Amino acid sequence: MIQRLRRTVSDLHAELVRYDLVAWTAGNVSGRIPGEDLFVIKPSGVSYDELGPENMVLCDLDGNLVEGDHSPSSDTAAHAYVYRNMPEVGGVVHTHSTYASAWAARGEAIPCVLTAMADEFGGEIPVGPFALIGDDSIGQGIVETLKGHRSPAVLMRNHGVFSIGKDPRAAVKAAVMCEDVARTVHVARQLGEPLTIGQDDIDRLYDRYQNVYGQRSPR
């Protein structure tokens with residue numbers, strides 16, 4: 001299971017590069033080991049070109065290194081705090097994607113003015129508090145903001161995007177979609193004030209996308 005998750009988390013880092021969500025060595029993906037108080041995360045300061053399953057590191061839910069030859073990401077404490085306090089979360093992603101980070105720099109939530117936002121986020125993409133890297137302060141801000149919120153992504157003020165999911169792939173998807181709608185809403189604002197979507201319509205769109213859209217396993 002650990003080796004399979006190392007491969008999955010390693011491969012998903014390539015998606016951050018493919019969708020232009022990161023620069024240099026910034027950003028990270030992690031994944032929880034199902035049924036264990038452990039997670040796999042990117043090593044600190046290692047080039048994306050050099051990432052592979054063998055250099056993903058294994059940590060416990062206090063952020064301590066359990067297995068690996070590299071130091072874990074500088075965001076490990078934040079990921080660990082999320083896993084400790086949101087047991088339903090199986091993947092966490094952090095990016096500094098351009099448009100979403102611009103909204104974070106303004107400390108402004110992205111308003112739900114697109115059906116794609118209603119589908120994926122169930123409303124606005126919220127802003128979390130400013131917090132410094134180094135301890136679990138960022139993780140506390142993520143949890144405080146997202147608990148009770150339908151959005152799987154948060155804009156941490158003056159920092160960037162953190163997203164969560166039932167597994168690492170879902171968390172990466174949320175990060176990709178966050179940047180996509182951040183860009184579109186930014187462009188819309190250059191043309192004028194975007195039109196709002198009513199809450200009832202947001203709720204219907206969200207329910208359809210989450211429960212009807214796509215392929216379903218036969219019962």
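These numbers come from the heavy atoms of this one structure, side chains and all, not from hydrogens, waters or symmetry mates. If you're wondering where the values come from, they're calculated on a predicted model, not measured in any experiment.
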Do Arg208 and Tyr213 meet the cation-pi criteria used here (NZ or CZ under 6.0 Å from the six-membered ring centre, within 45° of the axis)? no
Here's one to test your reading of the geometry: is the NZ or CZ of Lys173 within 45 degrees of the ring axis of Tyr19 and under 6.0 Å from its centre? no
Just checking Leu191: does its CG atom have more than 12 heavy atoms from other residues, nucleotides or ligands closer to it than 6.0 angstrom?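 Counting other residues, nucleotides and ligands, CG of Leu191 exceeds 12 neighbours.
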Near Asp20 CG, under 6.0 Å, is it more than 12 heavy atoms from other residues, nucleotides or ligands? no
Determine whether a donor-acceptor pair (N or O, by modelled atom type, separation under 3.5 Å) exists between the side chain of [X] and the backbone of [Y].
{"X": "Gln190", "Y": "His186", "result": "yes"}
{"X": "Glu179", "Y": "Ala100", "result": "yes"}
{"X": "Ser73", "Y": "Asn28", "result": "no"}
{"X": "His149", "Y": "Thr145", "result": "no"}

Under 4.5 Å side-chain heavy-atom separation, chaining through any Ile, Leu, Val, Met, Phe, Trp or Tyr, what else clusters with Leu146? Say none if it is isolated.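 Joined to Leu146, directly or through intermediates: Phe39, Ile41, Val57, Leu61, Leu65, Tyr81, Val82, Tyr83, Met86, Val89, Val92, Ile133, Ile138, Ile142, Val143, Val154, Met156, Phe162, Ile164.
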Atom pair [atom1]/[atom2] of [X] and [Y] - distance to nearest 0.5 Å:
{"X": "Glu88", "Y": "Arg32", "atom1": "CD", "atom2": "CZ", "result": "8.0 Å"}
{"X": "Leu205", "Y": "Asp201", "atom1": "CG", "atom2": "CG", "result": "6.5 Å"}
{"X": "Ile202", "Y": "Asp119", "atom1": "CD1", "atom2": "CG", "result": "10.5 Å"}
{"X": "Thr76", "Y": "Asp60", "atom1": "OG1", "atom2": "CG", "result": "10.5 Å"}

[X] and [Y]: which non-hydrogen atoms are nearest, and at how many Å?
{"X": "Gly160", "Y": "Ser101", "value": "CA-OG, 3.7 Å"}
{"X": "Gly165", "Y": "Ala170", "value": "CA-CB, 4.0 Å"}
{"X": "Pro168", "Y": "Gly31", "value": "CG-CA, 3.5 Å"}
{"X": "Ala26", "Y": "His96", "value": "CB-ND1, 3.7 Å"}
{"X": "Ala80", "Y": "Gly63", "value": "CB-N, 3.7 Å"}
{"X": "Pro53", "Y": "Ser10", "value": "N-OG, 3.5 Å"}

Taking the side chain as every heavy atom from C-beta outward, state whether [X] and [Y] have any pair of such atoms under 4.5 Å apart.
{"X": "Ile33", "Y": "Leu58", "result": "yes"}
{"X": "Thr196", "Y": "Cys112", "result": "no"}
{"X": "His70", "Y": "Ser44", "result": "no"}
{"X": "Arg4", "Y": "Val40", "result": "no"}
{"X": "Val46", "Y": "Thr25", "result": "no"}
{"X": "Val93", "Y": "Leu16", "result": "yes"}
{"X": "Pro152", "Y": "Phe121", "result": "yes"}
{"X": "Phe130", "Y": "His159", "result": "no"}

With clusters defined by side-chain heavy atoms of hydrophobic residues (ILVMFWY) lying less than 4.5 Å apart, directly or transitively, does [Y] cluster with [X]?
{"X": "Leu51", "Y": "Leu5", "value": "yes"}
{"X": "Val176", "Y": "Met117", "value": "no"}
{"X": "Tyr206", "Y": "Val113", "value": "no"}
{"X": "Leu155", "Y": "Leu114", "value": "yes"}
{"X": "Met56", "Y": "Val17", "value": "yes"}

For this output row, return yes or no: ring centroids of His79 and His94 closer than 6.0 angstrom. no
Within residues 105-118 or reaching into it, pairs that qualify as salt bridge (Lys or Arg N to Asp or Glu O under 4.0 Å) - sequence neighbours excluded: Arg106-Glu108, Glu108-Arg189
Summary of salt bridge (Lys or Arg N to Asp or Glu O under 4.0 Å) pairs that have at least one residue in residues 153-172, sequence neighbours excluded: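 Output for this query is empty, none listed.
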Assess whether a salt bridge exists between [X] and [Y], defined as any Lys/Arg side-chain N lying under 4.0 Å from an Asp/Glu carboxylate O.
{"X": "Arg6", "Y": "Glu67", "value": "yes"}
{"X": "Asp136", "Y": "Arg84", "value": "yes"}
{"X": "Asp200", "Y": "Arg204", "value": "no"}

Evaluate the criterion side chain to side chain contact (heavy atoms under 4.5 Å, CB included) for residue pair Val181 and Ile125; output intermediate values, then yes/no. CA-CA 10 Å; Val181 299; Ile125 300 176; 3.8 Å; yes
